[in-house]
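Worksheet: one structure, shown below.
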Amino acid sequence: MKVLVIGSGGREHAICNALSKSKRVSKIYCAPGNAGIAELAELVNIGVMEFDKIASFAKEKEIDLTIVAPDDPLVAGAVDALEAEGLKVFGPRKNAAILEGSKAFSKDLMKKYNIPTAAYETFDNADDAIKYLETADMPIVLKADGLALGKGVLICNNLEEAKAGVKEIMLDKKFGTAGNRLVIEEFMTGREVSVLSFVDGKTIKTMSSAQDHKRAKDNDEGLNTGGMGNFSPSPFYTEEVDKFCKENIYQRTVDAMAAEGREFKGVIFFGLMLTPKGPRVLEYNARFGDPEAQVVLTRMKSDVVDVMEACINGTLADTPVEFEDNAAVCVILASDGYPLEYKKGFEIAGLEAFKDKEDFFCFHAGTKFSEDGKVLTNGGRVLGITATAPTLKEARKKAYEATEWVSFENKYMRTDIGRAIDEV
Ligand code: AMP
Ligand code: GLY
């Protein structure tokens with residue numbers, strides 16, 4: 001079958017890699033893709049928000065399955081637009097992608113259906129928000145309601161910071177219209193774990209857990225980023241935690257969406273915090289994480305196409321979703337300066353070292369071809385160097401070894417990805 005993937009980052013490269021392993025896939029297209037994805041897929045020069053062009057292309061090429069991977073097109077209704085043209089699409093429709101698209105919606109859903117999360121209030125104007133903050137306990141968390149590239153969350157240590165945060169989000173509109181509404185949330189403490197899951201509207205099957213490293217610098221210092229590396233599985237995601245989440249979070253979320261007339265089909269990503277009072281939902285995403293997809297999909301044993309089709313057809317209950325009993329670590333090679341200002345357009349050397357290696361992966365996040373066919377850096381996150389091994393420690397050692405195989409000007413990485421593994 002012919003598959004079209006929408007997106008251009010490391011997550012989409014990992015999805016294309018999983019598709020390339022499927023016996024059922026004969027041809028992969030990716031719009032717009034990047035220089036690494038070009039090794040597995042034919043690149044299509046169409047942007048992720050150009051739904052009409054995507055639909056025309058998919059019809060012309062008789063695409064059997066289209067996978068919408070990024071949050072922006074999902075929240076804007078890409079799946080609805082493509083389905084309306086008769087295409088088979090993996091991903092939630094607009095009325096379900098709101099689970100990620102509006103934090104106020106997701107918090108209200110959790111409250112209504114008793115899904116454990118931080119206490120919160122929602123505000124439509126800055127004066128009311130500030131009045132509320134004047135009597136609130138600190139630290140406190142401010143969240144812009146809408147999509148903000150993972151950056152719309154401010155943790156404020158005192159009233160002054162919190163007032164400045166309200167101004168930034170609601171008045172200065174630092175995150176644009178995402179800040180028209182504000183969620184103010186209780187500050188929680190604990191380890192964070194990401195659990196991705198496949199959902200067919202009724203049934204949910206979780207993937208192996210992962211742990212992200214969101215801050216730019218070692219020791220979790222520096223600014224929040226899209227993710228500087230991660231590992232899977234998380235040793236802190238114990239059977240006890242899994243049991244609690246199965247009983248109180250996963251199925252309840254799927255049932256809640258169905259009860260609201262917002263049947264969810266696709267991937268739900270649960271951002272969890274393991275607090276002293278038990279697991280709590282920090283956030284939902286309506287898609288694979290980036291770089292979570294890189295460490296989770298490389299460990300997936302089942303054919304990803306079978307599972308995605310089962311999500312679309314509502315037959316997930318009868319479809320196995322299995323993972324290898326191994327581990328994966330991904331270290332992001334970024335452009336120095338990310339997530340603020342950075343230079344790009346530098347040639348990347350050494351990529352051929354990954355050829356024909358089964359347990360090493362060089363997922364491209366931000367790369368492009370030069371006119372003469374060289375691979376150039378083209379983003380803040382450039383490559384996701386990923387390795388699998390029987391244990392987390394071995395996978396980490398291999399991933400860091402492989403970071404030395406490639407070089408480019410301004411190459412930057414965290415040196416402590418997976419440090420938590422040593423605390424087990
Ligand atoms: P989110 O985009 O909602 O996952 O938030 C981004 C990051 O902010 C999370 O990964 C946490 O590190 C932190 N965070 C979000 N909500 C809270 C909270 N209620 N308490 C403490 N930290 C939080
Ligand atoms: N790595 C976090 C995310 O994809 O949102």
Side-chain angles (χ1 to χ4, degrees), residues 7 9-12 14-15 69-72 74-75 97 99-107 110 116-121 136-157 162 165 169 175 178-179 182-196 207 209-216 220-232 234 267-277 279-297 330-332 334 339 363 365 380-381 384 386 414 417 420:
R11 163 183 51 210
E12 288 74 19
I15 292 171
D71 46 354
D72 282 328
L74 286 169
V75 169
L99 193 60
E100 170 166 9
S102 166
K103 294 204 189 275
F105 170 86
S106 68
K107 295 296 292 189
M110 289 187 263
T117 188
Y120 74 103
E121 295 286 338
D137 290 337
M138 299 288 151
I140 200 151
V141 184
L142 308 185
K143 297 187 173 185
D145 176 47
L147 294 182
L149 292 171
K151 293 173 191 152
V153 174
L154 302 179
I155 298 184
C156 306
N157 292 307
I169 295 175
F175 308 108
L182 181 73
V183 172
I184 301 185
E185 198 175 275
E186 162 202 13
F187 175 77
M188 305 186 295
T189 55
R191 274 185 201 284
E192 291 183 41
V193 184
S194 306
V195 176
L196 280 59
M207 301 178 222
S209 61
Q211 187 172 327
D212 201 2
H213 296 65
K214 286 204 169 90
R215 300 294 201 95
D220 290 327
E221 288 170 7
L223 294 171
N224 255 327
T225 71
M228 293 299 292
N230 60 2
F231 57 87
S232 170
S234 164
V267 170
I268 300 183
F269 168 142
F270 297 87
L272 303 171
M273 187 173 263
L274 310 180
T275 77
K277 292 187 203 155
R280 299 283 182 270
V281 178
L282 278 176
E283 65 159 349
Y284 292 117
N285 294 317
R287 52 173 174 82
F288 286 104
D290 187 343
E292 282 79 0
Q294 288 85 318
V295 287
V296 171
L297 288 178
C330 170
V331 180
I332 298 290
F363 293 120
R381 292 192 289 179
T386 306
R414 274 184 62 162
I417 301 300

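Atoms within each ligand, like the ligands themselves, are counted from 1 in listed order.
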R280 backbone acceptor or donor facing T117 side chain under 3.5 Å: no

Does the side chain of E192 come within less than 4.5 Å of S234's, by heavy atoms? no

Intermediate values then yes/no, side chain to side chain contact (heavy atoms under 4.5 Å, CB included), F288 and L196: CA-CA 7 Å; F288 286 104; L196 280 59; 3.8 Å; yes

Protein contact to atom 5 (O) of ligand 2 [nearest heavy atom, distance to 0.1 Å]: R287 NH2, 3.0 Å

Please evaluate residues E283 and V153 with respect to the criterion side chain to side chain contact (heavy atoms under 4.5 Å, CB included), reporting the C-alpha separation (whole Å), side-chain torsions for both, the decisive distance (0.1 Å), and the verdict. CA-CA 11 Å; E283 65 159 349; V153 174; over 6 Å; no

Within the 4.0 Å heavy-atom shell around K214, which atoms of ligand 1 are there? 10 (O)

Donor on one side chain, acceptor on other, T386 and Q294, under 3.5 Å: no

Among residues at least two apart in sequence or on other chains, which ones pass ring pair (Phe, Tyr, Trp, His ring centres under 6.0 Å) with F270? Y250, Y284

Where does I155 meet ligand 1, judged by heavy-atom distances below 4.0 Å: at the side chain, the backbone, both, or neither? side chain

Within reach of ligand 1, part of L282 (heavy-atom separation under 4.0 Å): both

Would you check whether M273 has a nitrogen or oxygen atom less than 3.5 angstrom from a nitrogen or oxygen atom of ligand 1? no

dist R215:CZ -> N224:CG (nearest 0.5 Å) comes out at 5.5 Å

Given M188, E192, K103, which has its nearest heavy atom closest to atom 12 (O) of ligand 1? E192

When you compare ligand 2 with E292, is there at least one nitrogen or oxygen pair between them that comes in under 3.5 angstrom? yes

Is the closest basic N to carboxylate O distance between E185 and K107 below 4.0 Å? yes

What protein heavy atom is closest to atom 4 (O) of ligand 2, reported as residue, atom name and distance in Å? D290 N, 2.9 Å

Give the contacting part of E186 toward ligand 1: side chain, backbone, both or neither, where contact means a heavy-atom distance below 4.0 Å. backbone

Numbered atoms of ligand 2 (with element) below 4.0 Å of G226, judged on heavy atoms: 1 (N), 2 (C)

Are G227 and ligand 2 in contact, using a heavy-atom cut-off of under 4.0 Å? no

Please determine whether a side-chain nitrogen of the Lys or Arg among D220 and R414 lies less than 4.0 Å from a carboxylate oxygen of the Asp or Glu. yes

If you count the atoms of ligand 2 from 1 in the order shown, which ones are under 4.0 Å from a heavy atom of N285? 5 (O)

Spatial distance of atom CE (M228) from atom CG (D212) [nearest 0.5 Å]: 10.5 Å

Sub-4.0 Å atoms of ligand 1 with respect to non-hydrogen atoms of F187: 20 (N), 21 (C)

Does some non-hydrogen atom of R280 fall short of 4.0 Å from ligand 1? no

Test your reading of the model: is there a side-chain donor-acceptor pair from R381 to the backbone of I332, 3.5 Å cut-off? no

Mind checking whether E185 has an N or O less than 3.5 Å away from an N or O of ligand 1? yes

Check whether E12 reaches the backbone of G9 with its side chain - one donor and one acceptor, N or O, closer than 3.5 Å. yes

At less than 4.0 angstrom from any non-hydrogen atom of G289, what atoms of ligand 2 do you find? 4 (O)

What atoms of ligand 2 come within less than 4.0 Å of a heavy atom belonging to D212? 1 (N), 2 (C)

List the closest protein heavy-atom neighbour of atom 2 (O) of ligand 1: residue, atom name, distance to the nearest 0.1 Å. E283 OE1, 3.2 Å

In this structure, atom 8 (O) of ligand 1 is nearest to the protein heavy atom V153 CG1, 3.6 Å

Do me a favour and list the nearest non-hydrogen protein atom to atom 16 (N) of ligand 1 with residue, atom name and distance? K143 NZ, 3.1 Å

